[in-house]
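Keep in mind that this is a model prediction, so the values were computed, not measured.
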Amino acid sequence: MALTDRVKQILSWYSSDNPGTQTNLVRLLNHGALAGTGKLVILPVDQGFEHGPVRSFAPNPEANDPDYHYQLAIDTGCNAYAAPLGFLEAGAAKFAGQIPLILKLNNSDSLGKPEHPISAITGSVEDALRLGCVGIGYTIYPGSGARNQMYEDLREITLEAKRKGLVVIVWSYARGALSKAGETGIDVIAYASHIAAELGAHIVKVKPPTAHIEQDEARKMYEKYNIPIATLSERIRHVIQSTFNGRRVVIFSGGEAKGVDAVLAEVRELAAGGSFGSIMGRNAFQRPRAEGAELLTNVIRIYKEASAAGR
């Protein structure tokens, strides 16, 4: 498939990367129903590890089967499927070459409550290469007392991944020395996205921000410069501006399961603000298959329309 002008523009932002990484970026951007638009919809399924199988899959028991998620991502035209090592290994051969894969390299469980949030490294760059992945995913927790360890670990992983031609996707979820509201406050989300980009991420995943401002010093700046953050679309625009002025791909999580109308309303706001896409798991796979597939198809349609409108 020939490269569109939009894909060429995005690739130009990563000129320091080798041809292998550039090729894998193209594989992501040129796959599925959004191929060539510069938009991404990714199905992530790390919730079984993070929250446990009952909390994750009881609403739709079929989703206990790793093949279910491969097929859902393929059938709906997602750009990629992301999961921890075990889920990817279970279907990598059967679905080889049918959808780009992202190996989630670190994960945590909900059985303990560590004083300082940090995920364990549960996979490797070598695993990602063996499974034919286009990239690796890694979670950081800005605000955690263990954040420096995560940043240093990510530095080494990023160096190896880029050297071997893989794309680096960073889940940047602030938690730790923050209020609960602060974890999704606009100043914190914009900061977390910028940190991930500074650490070398090609693609950054953050949560949709609220209008809450956590840091007093940041509040002074928002007020002094009249930065618009009243609507979700304004906040999305600000997060993207904060991430190298839009020169890094920023996608937003779907969060906890909610009604279809609420999901689509949120995605419309994300798209209106210039989001590069969504990474949506529970809202898709916790529904009966037909409903989950329809939801993903509609999310993809919203981003396709946004791309056609130049957003």
Side-chain angles (χ1 to χ4, degrees), residues 42-70 72-73 80-92 101-128 130-131 133 135-154 156-158 161 168-180 182-184 192 195-196 199 201 204-207 252-258 279-287:
I42 297 171
L43 178 69
V45 190
D46 58 349
Q47 292 82 359
F49 200 132
E50 299 282 333
H51 306 296
V54 171
R55 289 172 58 191
S56 301
F57 306 130
N60 178 20
E62 287 184 89
N64 281 286
D65 186 344
D67 285 6
Y68 180 92
H69 305 285
Y70 273 96
L72 180 62
Y81 166 49
L85 181 63
F87 252 34
L88 287 195
E89 284 186 328
L101 302 178
I102 297 161
L103 175 59
K104 187 67 166 40
L105 285 194
N106 67 337
N107 296 274
S108 60
D109 61 59
S110 58
L111 295 176
K113 297 186 182 296
E115 181 181 356
H116 301 299
I118 184 171
S119 294
I121 297 173
T122 57
S124 68
V125 170
E126 286 300 319
D127 289 321
R130 173 173 58 86
L131 296 171
C133 297
I136 55 100
Y138 186 93
T139 298
I140 58 172
Y141 297 132
S144 168
R147 65 192 182 282
N148 286 351
Q149 182 63 57
M150 286 180 275
Y151 297 166
E152 291 169 7
D153 290 344
L154 176 58
E156 294 304 311
I157 289 168
T158 296
V168 176
I169 301 100
V170 173
W171 278 237
S172 194
Y173 287 169
R175 62 182 62 171
L178 298 163
S179 69
K180 189 63 179 176
E183 292 179 1
T184 53
I195 288 170
L199 287 168
V204 178
K205 175 194 176 188
V206 289
K207 297 179 180 181
F252 293 83
S253 65
E256 295 181 0
K258 46 188 175 280
I279 180 162
M280 185 173 293
R282 282 172 287 183
N283 277 295
F285 68 70
Q286 287 188 341
R287 289 180 161 82

Problem set entry | Closest contact, heavy atoms only, Ser110 versus Arg55 | OG-NH1, 3.6 Å
Problem set entry | Minimum side-chain heavy-atom gap Tyr141-Ser108 below 4.5 Å | yes
Problem set entry | Lys104 to Thr122 - nearest heavy-atom pair and separation | O-OG1, 4.1 Å
For this session: Might you point out which heavy atoms bring Ile118 and Gln149 nearest each other, and give the distance in Å?
Result: CD1-CG, 4.0 Å
Exercise. How close do Ser144 and His116 get, heavy atom to heavy atom, and via which atoms?
Worked result: OG-C, 3.6 Å
For this session: Take Glu89 and Leu131, measure what side-chain contact (heavy atoms from CB on, under 4.5 Å) needs, and give me the verdict at the end.
Result: CA-CA 7 Å; Glu89 284 186 328; Leu131 296 171; 4.0 Å; yes
Problem set entry | Step-by-step side-chain contact (heavy atoms from CB on, under 4.5 Å) determination, Ile157 to Asn106 | CA-CA 11 Å; Ile157 289 168; Asn106 67 337; over 6 Å; no
Exercise. So, does Asp46 use its side chain to make a donor-acceptor pair with the main chain of Ala82 at under 3.5 Å?
Worked result: no
Exercise. Can you find a pair of side-chain heavy atoms, one from Lys207 and one from Ser253, that are under 4.5 Å apart?
Worked result: yes
In a table with atom names and distances, give each donor-acceptor pair under 3.5 Å that connects a side chain of residues 168-175 to protein atoms at least two apart or in another chain.
residue: Ser172; atom: OG; partner: Ala192; partner atom: O; Å: 2.8
residue: Tyr173; atom: OH; partner: Lys205; partner atom: NZ; Å: 2.8

For this session: Any chance you could measure Arg282, atom CZ, to Lys258, atom NZ, to the nearest 0.5 Å?
Result: 9.0 Å
Exercise. Where is the tightest heavy-atom contact between Ser56 and Gly52, given as atom of each residue plus distance?
Worked result: OG-O, 2.8 Å
For this session: Please check if the side chain of Asn64 supplies one atom and the backbone of Pro61 the other of a donor-acceptor pair under 3.5 Å.
Result: yes
For this session: Taking the six-membered ring for Trp and the full ring for Phe, Tyr or His, determine whether the centres of Tyr68 and Phe285 are under 6.0 Å apart.
Result: no
Problem set entry | For Leu88 against Tyr81, the heavy-atom pair lying closest together | CD2-CE2, 3.6 Å
For this session: Please state whether the rings of Phe57 and Phe87 are parallel, tilted or perpendicular, taking 30° and 60° as the class boundaries.
Result: parallel
Exercise. Looking at residues at least two apart in the chain, or sitting in another chain, which of them share a side chain to side chain donor-acceptor pair (under 3.5 Å) with Asp67?
Worked result: Lys94
Problem set entry | Side chain Asp127, main chain Ser124, donor-acceptor under 3.5 Å | yes
For this session: Output the distance between atom CG (Leu72) and atom CG (Leu43), rounded to the nearest 0.5 Å.
Result: 5.5 Å
For this session: Please examine the side chains of Tyr138 and Asp153, heavy atoms only from C-beta on, and report whether any two atoms are closer than 4.5 Å.
Result: yes
Exercise. Between Glu50 and Asn107, is any pair of side-chain heavy atoms under 4.5 Å apart?
Worked result: yes
